[in-house]
**Q** 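Can you keep this structure in mind? I'll have questions shortly.
All of these numbers come straight from a predicted model, not from anything done at the bench.
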Amino acid sequence: VNVILDGNKALQESKSDEDIENAIGESEVQQALDLVQTRSCRVKRHDGFGPTLRLIAPIFDFINHGGSIANSSFKLEDDSLDNMYVISSEESELNKKPALVVRATKAIEADNEVLINYGDSAKPEWKCLSSYGFVPSSPCLVDEDHDEDFSSAEFYMNGKRYEINSSIIPTDLVLDVADFFRAEEGVEVDEDNPLSPAVAKHIAARVSDVACQLIDQDTNVGRSPAEQQAFENASIFRRSQHEILVACAAGLREYAARLS
C-alpha cells in the first residue's frame, strides 16, 4: 500500500515527466500492479449503479479462496440500519456509507477456516494462476450440488486453441476434426453425430500427446527462492492440466470403444 501512496504523492509533487520517472521506477510500478492484481476484490456497487469496483481491504485480503467449498460470501452493504426500522428518504439513501461485509453462508465449526469464492477470475486454473498467483485445488472447481466442473485444460490442434475438461469437449473441436476427416481422408461423417469413433480416437491421440509434454521438468536446477516458488506454481499447474488431459483422453477412448 505504501508503494501506491508514495507514487500518488510523487505525482502530486512532480512538475515534469522526468520528475515522475525519477520518483517512480519500474519495480515500484510492478509492486503496485502485483498488489492490486492479487490483493484486491471485485464487488458490485452498494447503490446498484456504475461498473464493478475493485477494492483493497486490509484483513479481508487474508481470506483464502474456497471456490465451490466456500462457506462465506462478501458484498458491499450500507453501514446504516435505518431501513430496518423506518422508510428511508432519498437523501438518507444517498448519504449511507458502504461497508465491505463478510457473512457466513453455512455453519462454520470452531477452528475451521473462513473461505470465500473469488468468482470468475479464479476459474479455470490458468485464470486463477494469472490473477492470484496460485492454482486452486480440484474441490474448489467442482460444484457437486449443481453437477458442474469448472476445471479446464487448453491445447492446440492445427494452430487452433481449444479448452476441454475431463468430461467435456467443445463442439467446434469435434466439427473441425470431422471436417479434417471429410476433406483429407475422404471419410463420410454422420451429420447427426459427428463424434464418431475415428474422430474420438484422433482427438484422444492429440490430447495424450499434449499431456505427455506437461510432465514435470528436472527440479534439481539451482534457483533463487522466488524462482523456486514460481517453478513450484508452474509445476502444480502443469500437473493439473496433465490430469485433466489424461482423463479426457481416457474418456474419449472409452467412448470410441463403446461405439466400435
Side-chain angles (χ1 to χ4, degrees), residues 65-70 115 117-219 231-260:
H65 173 62
S68 299
I69 58 174
L115 297 170
N117 190 335
Y118 288 5
D120 291 340
S121 60
K123 57 189 180 186
E125 294 90 336
W126 64 265
K127 187 178 289 187
C128 187
L129 179 60
S130 174
S131 298
Y132 300 106
F134 71 92
V135 180
S137 61
S138 296
C140 294
L141 293 163
V142 178
D143 186 346
E144 295 181 349
D145 293 337
H146 299 90
D147 194 27
E148 290 185 283
D149 183 356
F150 296 104
S151 61
S152 74
E154 68 171 10
F155 78 105
Y156 286 79
M157 178 180 285
N158 298 326
K160 187 173 180 179
R161 179 184 178 275
Y162 303 95
E163 275 194 41
I164 62 175
N165 73 13
S166 57
S167 58
I168 298 175
I169 57 175
T171 301
D172 59 338
L173 170 59
V174 176
L175 295 177
D176 289 344
V177 174
D179 288 341
F180 167 80
F181 272 92
R182 187 183 293 111
E184 301 295 330
E185 306 291 337
V187 176
E188 289 299 323
V189 178
D190 185 352
E191 296 295 339
D192 294 329
N193 182 22
L195 186 58
S196 65
V199 170
K201 289 178 181 178
H202 186 83
I203 297 174
R206 174 57 184 159
V207 170
S208 295
D209 287 343
V210 176
C212 290
Q213 296 170 14
L214 293 172
I215 296 176
D216 284 344
Q217 302 172 357
D218 181 16
T219 59
F231 174 84
E232 291 174 2
N233 284 341
S235 182
I236 293 171
F237 178 65
R238 287 198 305 272
R239 284 199 297 272
S240 73
Q241 300 289 278
H242 173 83
E243 291 170 359
I244 294 169
L245 293 169
V246 168
C248 180
L252 285 167
R253 291 191 176 95
E254 181 182 346
Y255 168 85
R258 288 201 309 267
L259 294 185
S260 299

**Q** I'd like to know whether CG of Asp120 has more than 12 heavy-atom contacts from other residues, nucleotides or ligands below 6.0 angstrom.
**A** no
**Q** Keeping the roles fixed (side chain from Glu125, backbone from Ser152), state whether a donor-acceptor pair exists under 3.5 Å.
**A** yes
**Q** Can you list the steps and then say if Ile169 with Val207 is a side-chain contact (heavy atoms from CB on, under 4.5 Å)?
**A** CA-CA 11 Å; Ile169 57 175; Val207 170; over 6 Å; no
**Q** Just so I know, are the side chains of Ile244 and Gln241 near enough to count as touching, which here means a heavy-atom distance under 4.5 Å?
**A** yes
**Q** Charged N to carboxylate O below 4.0 Å: is that the case for Arg239 and Glu243?
**A** no
**Q** State, with a plain yes or no, whether a side-chain heavy atom of Cys248 is found less than 4.5 Å away from one of Asn165.
**A** no
**Q** Between atom OG of Ser68 and atom CG of Leu115, what is the distance when rounded to the nearest 0.5 Å?
**A** 11.5 Å
**Q** Measure the shortest side-chain to side-chain distance between Asp176 and Lys160 over non-hydrogen atoms and say whether it is less than 4.5 angstrom.
**A** yes
**Q** Return the minimal non-hydrogen interatomic distance between Val199 and Ala178, and the atom names on each side.
**A** CG2-CA, 4.2 Å
**Q** Do Ser130 side-chain atoms and Trp126 backbone N/O form a donor-acceptor pair below 3.5 Å?
**A** no
**Q** Do other residues, nucleotides or ligands put more than 12 heavy atoms under 6.0 Å from the CG atom of Asp190?
**A** yes
**Q** To the nearest 0.5 Å, tell me how far Glu163 CD sits from Leu173 CG.
**A** 12.0 Å
**Q** Would you check if His65 and Asn117 make a side-chain contact, meaning some heavy-atom pair closer than 4.5 Å?
**A** yes
**Q** Looking only at atom types and distance, does a side-chain atom of Tyr255 sit under 3.5 Å from a main-chain N or O of Leu195, one as donor and one as acceptor?
**A** yes
**Q** Is there a side-chain contact between Val177 and Arg206, using heavy atoms and a 4.5 Å cut-off?
**A** no
**Q** Checking the side chain of His242 only, and the main-chain atoms of Leu214 only, is there a donor and an acceptor separated by less than 3.5 Å?
**A** no
**Q** Got Ile203 and Ile164 here, is their nearest side-chain heavy-atom distance under 4.5 Å?
**A** no
**Q** Calculate, to the nearest 0.5 Å, the distance between atoms OG and CZ belonging to Ser196 and Phe181 respectively.
**A** 6.5 Å
**Q** Hey, does the side chain of Ser208 reach the backbone of Ala204 with a donor-acceptor pair shorter than 3.5 angstrom?
**A** yes
